[in-house]
Amino acid sequence: MLKNKSRNSKHGLANKLTPVRIRLEKFLLDHSEGRLKNKSDQDKLNEAIMLMEATIAQIDDILC
């Protein structure tokens with residue numbers, strides 16, 4: 001019974017973190033496919049920082 005409860009909580013957490021993962025993967029995909037090519041390094045850094053801050057806030061909301 002305890003094993004099943006643990007599995008369900010892991011699935012629930014994974015489901016809540018899926019939107020975070022999608023945003024991060026989209027950023028990496030945009031970077032690798034050159035969609036951020038015409039942006040300056042500072043623009044890329046600012047976008048990454050905003051994404052990380054939003055991600056941290058969302059994870060804090062999920063875990064607290």
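The figures that follow rest on heavy atoms only: side chains count, while hydrogens, waters and symmetry mates do not. Keep in mind it's a predicted model, so treat the numbers as computed, not measured.
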>> Would D43 and S40 count as a side-chain hydrogen bond (donor to acceptor under 3.5 Å, both in side chains) here? Give the steps.
In response: CA-CA 5 Å; D43 290 338; S40 70; 3.3 Å; yes
>> Surrounding CG of D61 (heavy atoms of other residues, nucleotides or ligands, distance under 6.0 Å), is the total greater than 12?
In response: yes
>> Measuring from atom CZ of R23 to atom OG1 of T18, what distance do you get when rounded to the nearest 0.5 angstrom?
In response: 11.5 Å
>> Could you measure the distance from the CG atom of N46 to the CG atom of L51? Nearest 0.5 Å is fine.
In response: 12.5 Å
> Quick one: do L24 and L36 end up in the same hydrophobic cluster if we chain Ile, Leu, Val, Met, Phe, Trp and Tyr together by side-chain heavy atoms under 4.5 Å apart?
Replying inline: yes
> Once you round to the nearest 0.5 Å, how far does CD1 of I49 lie from CD of Q42?
Replying inline: 7.0 Å
> What distance separates K39 NZ from D30 CG, expressed to the nearest 0.5 Å?
Replying inline: 8.5 Å
> Going from CD on E47 to CE on M52, what distance comes out if it is rounded to the nearest 0.5 angstrom?
Replying inline: 11.0 Å
